[in-house]
Amino acid sequence: MDSLSENTIYMRMALREAERAAEAGEVPCGALIVRNGEILGKAHNQTELLKDPTAHAEILAITQAAAAVENWRLTDSVLYVTKEPCPMCAGAIVLARIKKVVWGVDDPKRGGARSKFEILDHADLNHRVEIETGVLAGECRSLLQDFFRMRRAGK
């Protein structure tokens with residue numbers, strides 16, 4: 001599987017997770033962690049359901065992946081996420097030693113990876129994370145915009 005189709009396939013899976021979040025009234029963000037073609041973790045935002053401000057898709061997927069490999073180090077893994085990680089999630093990504101993060105849309109107001117803060121490639125941290133952006137950006141953006149449009153309309 002070449003990189004383009006691999007990114008598209010895995011981002012579509014992350015989008016399905018994001019759709020599940022939207023259906024549950026959560027901000028539609030989905031994440032998937034893959035290593036050597038094996039899905040180690042997948043999740044969507046569950047902050048409302050779990051009443052937990054840390055229950056972001058990325059954090060939940062990292063927890064699942066670490067349990068799957070029985071190690072907190074997720075080296076050589078790739079995280080696919082529909083929206084740029086926030087600072088909390090970016091910090092967890094660095095701590096987990098994830099090799100690469102692929103996301104759909106930037107978050108210019110709260111992005112912790114590149115847009116607002118550059119945590120994934122910060123010179124003072126002990127791990128640098130490769131970044132690839134814009135994968136299925138239109139679909140990821142539409143899902144977020146539709147969700148917030150409906151929320152503002154009170155639906």
Working to the nearest 0.5 Å, report the span between [atom1] of [X] and [atom2] of [Y].
X	Y	atom1	atom2	answer
E17	C29	CD	SG	10.5 Å
R97	W72	CZ	CH2	4.0 Å
I59	Q64	CD1	CD	12.0 Å
L60	I33	CG	CD1	10.0 Å

Given side chains that start at C-beta, do those of [X] and [Y] come closer than 4.5 Å, heavy atoms only?
X	Y	result
V27	F147	yes
T47	P53	no
C140	L15	yes
V102	L79	no
V94	I119	yes
Y80	V34	yes

Discussion item. Quick one: does any side-chain atom of R35 pair with a main-chain N or O of T75 as donor and acceptor, under 3.5 Å?
Written reply: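 Yes; at least one donor-acceptor contact below 3.5 Å.
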- request: Give a yes or no on whether the backbone of L74 and the side-chain of S77 come within a donor-acceptor separation of less than 3.5 Å.
  value: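 Flag set: sc S77 to bb L74 pair under 3.5 Å.
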Inset, instruction - In plain terms, say whether E26 and R20 are close enough for a salt bridge, that is, a side-chain N and a carboxylate O under 4.0 Å apart. - result: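 A salt bridge is absent here (no side-chain N lies under 4.0 Å from a carboxylate O).
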Next item on the list: Please determine if E19 and R16 form a salt bridge, counting it only when a charged side-chain N lies under 4.0 Å from a carboxylate O.
Entry: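 Answer for the salt bridge query: no.
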Examine the side chains of D52 and T54 and answer whether a donor and an acceptor come within less than 3.5 Å of each other.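 Indeed, the side chains of D52 and T54 share at least one donor-acceptor pair under 3.5 Å.
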Original post:
Among K83, R114, R141, K116, which one satisfies salt bridge (charged side-chain N to carboxylate O under 4.0 Å, His left out) with D106?
Top reply: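 Looking at K83, R114, R141, K116, the match for D106 under the salt bridge (charged side-chain N to carboxylate O under 4.0 Å, His left out) is R114.
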Notebook entry, point to check: When clusters are formed by joining ILVMFWY residues with side-chain heavy atoms under 4.5 Å apart, either directly or through shared neighbours, do L95 and I98 land in the same one?
Noted result: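 As far as the 4.5 Å side-chain criterion goes, I98 and L95 are not connected within one cluster.
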Spell out, yes or no, whether M88 and L125 are grouped together once hydrophobic residues are joined by side-chain heavy atoms under 4.5 Å, including indirect joins.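 Unlinked, M88 and L125 end up in two clusters.
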